[in-house]
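Lettering of chains follows the sequences in order, A, B, ..., and the numbering in each one begins at 1.
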Amino acid sequence: GAGVSQTPSNKVTEKGKYVELRCDPISGHTALYWYRQSLGQGPEFLIYFQGTGAADDSGLPNDRFFAVRPEGSVSTLKIQRTERGDSAVYLCASSPFGNTIYFGEGSWLTVV
Amino acid sequence: KQEVTQIPAALSVPEGENLVLNCSFTDSAIYNLQWFRQDPGKGLTSLLLIQSSQREQTSGRLNASLDKSSGRSTLYIAASQPGDSATYLCAVSNTGGFKTIFGAGTRLFVKA
């Protein structure tokens with residue numbers, strides 16, 4: 001596809017469960033970002049990849065959150081032992097180096 | 001630590017008015033600044049990208065300016081239309097990396 005693709009679009013999970021959110025960036029984009037957005041707020045930075053490596057993971061809130069991008073393309077955000085406070089929209093974005101950022105539609109996570 | 005503030009938080013105007021949205025940032029060592037639009041329940045769409053060496057960018061009825069030294073940017077929307085109703089977000093990317101920090105956004109409502 002032409003844009004950033006995120007799956008699942010919606011996920012409802014029980015407190016304490018493990019969740020994986022997937023992001024397919026635009027082909028050829030070296031930079032990949034994960035953000036979290038709560039209602040009425042701007043996107044909150046979580047992690048940024050340049051190629052396969054996490055260039056900046058300072059936004060990950062705690063060690064329950066982890067993200068990988070093993071081949072420099074698809075990325076997976078992993079959340080362990082989910083808590084109700086993790087409920088939010090998780091946005092993925094990609095860009096050519098230092099250029100316009102393109103966002104996916106987001107994965108809406110609800111922890112019940 | 002970079003902080004981005006947007007004023008006003010919400011704005012309601014009649015159709016046809018020209019309007020200005022404001023963005024300020026605390027660390028002037030930025031690589032670029034972007035303005036995004038977000039419709040309810042959707043991802044973000046990039047509107048304008050201003051590199052740190054530039055003063056402004058224009059696209060159609062939109063004009064964005066950047067004053068890096070004072071840490072300010074404005075988004076000017078001419079002849080507003082009901083279809084412009086959305087949340088507008090400002091984001092800055094820092095030099096030395098591309099961690100992009102967002103403001104909380106301005107919710108714009110244009111009345112027909």
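Within 6.0 Å of CZ on B/R37 lie more than 12 heavy atoms contributed by other residues, nucleotides or ligands.
For A/L91, the part lying under 4.5 angstrom from a heavy atom of chain B is the side chain only. Contact of B/L44 with chain A is made through backbone and side chain together, with heavy-atom distances under 4.5 Å. Proximity to chain A is limited to the side chain of B/Q38, based on heavy atoms less than 4.5 angstrom apart. Residue A/Y102 does not touch chain B at all, counting heavy-atom pairs closer than 4.5 Å. Residue contact with chain B, scored on non-hydrogen atoms closer than 4.5 Å, is absent for A/Q6. For B/T100, the parts lying near chain A are the backbone and the side chain together; criterion is any non-hydrogen pair under 4.5 Å.
When each of A/D56, A/V4, A/I47 is checked for heavy-atom pairs under 4.5 Å with chain B, A/D56 comes out on top.
The backbone N or O of B/G105 sits less than 3.5 Å from a side-chain atom of B/Q6, completing a donor-acceptor pair. Between the side chain of A/R69 and the backbone N or O of A/G51 there is at least one donor-acceptor pair closer than 3.5 Å.
A donor atom on one side chain and an acceptor atom on the other are found under 3.5 Å apart for B/D67 and B/S69.
Ring geometry for A/Y35 against A/F45 counts as perpendicular: the plane angle is over 60°, on a 0 to 90° scale with 30° as the lower cut.
Hydrophobic clustering keeps A/W34 apart from A/V89 (ILVMFWY residues linked when any side-chain heavy atoms are closer than 4.5 Å, directly or through intermediates).
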